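We use all heavy atoms of the structure for the numbers below, so side chains are in, but hydrogens, waters and symmetry mates are not. These numbers were taken from a predicted model, which means no experiment stands behind them.
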Number of protein chains: 2
Amino acid sequence: MTHQTVGYPARPGLPDDPRANVAEPTPSCPVEIALAALHGRWTTLVIREFLRGDRTFTELRQALPALSDKVLSDRLAHLTEAGVLERRRQPGWPPRVHYALTPHGRRLGPVLQALWDWGVQHRPPVTG
Amino acid sequence: MTHQTVGYPARPGLPDDPRANVAEPTPSCPVEIALAALHGRWTTLVIREFLRGDRTFTELRQALPALSDKVLSDRLAHLTEAGVLERRRQPGWPPRVHYALTPHGRRLGPVLQALWDWGVQHRPPVTG
DNA sequence: CTGAATCCCTGCCGATACTG
DNA sequence: CAGTATCGGCAGGGATTCAG
């Protein structure tokens, strides 16, 4: 366990990668990268919408009515910047912008599933 | 795909659970629960330490020197509250407090692995 | 030794109003 | 239609100090 230097580790990241040993939060840590992509209120709900299919700005607004234009815009920009979404302006009038998950964004499915599964098993500490 | 109402769904949560359809952020959503547990700077690094074994307050401080006492204390309280850690006062002097992952906390291993795996595959948008 | 209390500073989120 | 600009409130996080 302490001397694993040969071959491929079963767990493909943690033990051997130097980023698994950082002593403080750093943006190059893969876990931080992933959490940064999911960061912010509404972000996971927006991603959920896209896991169900492509969406335009207006469709998202209808699906998440309590989400303000500004924050929705922020989230879309953030997710696009993070490589999760791809943005495509629809030609014609009225202007429509089409968003869809990139291949990388689609791989967030299992990540959210892992989070979901853990949360489902969660039992609030103790009532008595 | 659209009519699955029989038996056990392959994916154990998302399609049928009403919490998968919430229209705004809510603490009862399993994904929110999980992200709430991981929330806050330093939190995942603290969990990483515990995935390697039990720790005392001082041992954590040594492992993460740039983490202030207050925030470390906050994180330990938060993770204990979230059912991730278990706290045990060591008898004797000097007072020591021993922390360890609960079974539920140990199940965060796969979750962090999923986040890691996604982050590892991340390529910053484009350089050119 | 292991925290709790306090203070300040920063960054997020929401609401509103405005532009191509 | 799809955003940007601006402002205010509030919570998070760090440093320091104090307590059991």
Side-chain angles (χ1 to χ4, degrees), chain A residues 22-27 29 31-32 35-47 49-50 54-82 84-100, chain B residues 22-27 29 31-32 35-47 49-50 54-82 84-100:
Chain A
V22 291
E24 53 187 300
T26 145
C29 169
V31 171
E32 301 275 340
L35 287 177
L38 301 178
H39 177 256
R41 206 153 114 89
W42 294 97
T43 304
T44 54
L45 289 180
V46 170
I47 295 171
E49 291 305 312
F50 284 110
D54 301 0
R55 294 283 187 274
T56 65
F57 195 93
T58 305
E59 288 168 347
L60 285 165
R61 211 170 23 188
Q62 290 166 350
L64 303 170
L67 173 55
S68 78
D69 286 9
K70 181 226 180 188
V71 175
L72 175 54
S73 185
D74 286 353
R75 292 299 170 268
L76 293 171
H78 173 234
L79 289 171
T80 304
E81 180 70 16
V84 171
L85 292 180
E86 191 178 15
R87 198 189 132 139
R88 240 181 52 207
R89 300 180 45 98
Q90 222 81 316
W93 189 267
R96 294 212 163 200
V97 182
H98 193 89
Y99 293 90
Chain B
V22 292
E24 53 187 301
T26 145
C29 170
V31 171
E32 301 274 340
L35 287 177
L38 300 179
H39 176 256
R41 206 154 115 89
W42 294 97
T43 304
T44 54
L45 289 180
V46 170
I47 294 170
E49 290 305 312
F50 284 111
D54 302 358
R55 295 284 189 274
T56 65
F57 195 93
T58 306
E59 287 168 348
L60 285 165
R61 210 166 26 187
Q62 290 167 349
L64 304 169
L67 173 54
S68 78
D69 286 8
K70 181 228 180 187
V71 175
L72 175 54
S73 186
D74 286 353
R75 293 299 170 268
L76 293 171
H78 174 234
L79 289 171
T80 303
E81 180 70 16
V84 171
L85 292 181
E86 192 177 14
R87 198 189 131 138
R88 241 180 52 206
R89 301 179 47 94
Q90 221 81 317
W93 190 267
R96 293 210 165 203
V97 182
H98 193 88
Y99 292 91

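- For the atom pair SG (A:Cys29) and CD (A:Glu24), the distance works out to 12.0 Å, reported to the nearest 0.5 Å.
- Following rounding to the nearest Å, A:His78 (NE2) and C:dC13 (P) show an atom-to-atom distance of 10 Å.
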- Message: Please encode protein proximity along nucleotides 5-11 of chain D as a string of B, S and -, counting only heavy-atom distances under 4.0 Å.
- Response: BB-----
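- Rounded to whole angstrom, the span from the CG atom of B:Asp74 across to the C1' atom of D:dA15 amounts to 13 Å.
- Distance CG (A:Asp69) to C1' (C:dA15): 11 Å, rounded to an integer number of Å.
- The A:Ser68 side chain lies nearest to C:dA15 when the options are D:dT4, C:dG3, C:dA15.
- The shortest distance between the side-chain N/O atoms of A:Ser73 and the OP1/OP2 oxygens of D:dT4 is below 4.0 Å.
- If you measure from atom CG of A:Leu76 to atom P of D:dG3, you get 7 Å, rounded to the nearest angstrom.
- Picking from C:dG3, D:dG12, D:dA2 the nucleotide with the shortest atom distance to the side chain of A:Thr58 gives D:dA2.
- The two residues B:Asp54 and B:Glu59 come nearest to each other via the heavy atoms O-OE1, 4.0 Å.
- Residue B:Arg88 qualifies as open at atom CZ: its count of foreign heavy atoms under 6.0 Å is 12 or below.
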Residues 35-46 of chain A side chain polar contacts: donor-acceptor under 3.5 Å, at least two apart:
from, atom 1, to, atom 2, distance (Å)
A:Thr43, OG1, A:His39, O, 2.8
A:Thr43, OG1, A:Gly40, O, 2.9
A:Thr43, OG1, A:Arg75, NE, 3.2

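- As a whole-Å value, the separation of B:His39 NE2 from D:dG12 C1' is 7 Å.
- Note that CG of A:Asp69 is 11.0 Å distant from CG of A:Leu60, once rounded to the nearest 0.5 Å.
- Taking every heavy atom of both residues into account, B:Leu76 and B:Thr80 meet most closely at O-OG1, 2.6 Å.
- In this structure, B:Phe57 CZ and B:Arg87 CZ are separated by 10.0 Å, a value rounded to the nearest 0.5 Å.
- Counting to the nearest Å, the P atom of D:dA2 and the CZ atom of A:Arg61 are 7 Å from each other.
- Between C:dC1 and B:Arg89, no contact under 4.0 Å exists linking OP1 or OP2 to a side-chain N or O.
- In this structure, B:Arg87 reaches the C:dG3 phosphate: one of its side-chain N or O atoms is under 4.0 Å from OP1 or OP2.
- At whole-Å resolution of the value, NE2 in B:His98 and C1' in C:dG3 are 18 Å apart.
- When the nucleotides D:dG13, D:dC1, C:dC1 are ranked by their closest atom to the side chain of B:Val71, D:dG13 comes out on top.
- The phosphate of D:dG14 has OP1 or OP2 within less than 4.0 Å of a side-chain N or O from B:Trp42.
- As rounded to whole Å, 15 Å separates atom P of C:dG3 from atom CZ of B:Arg75.
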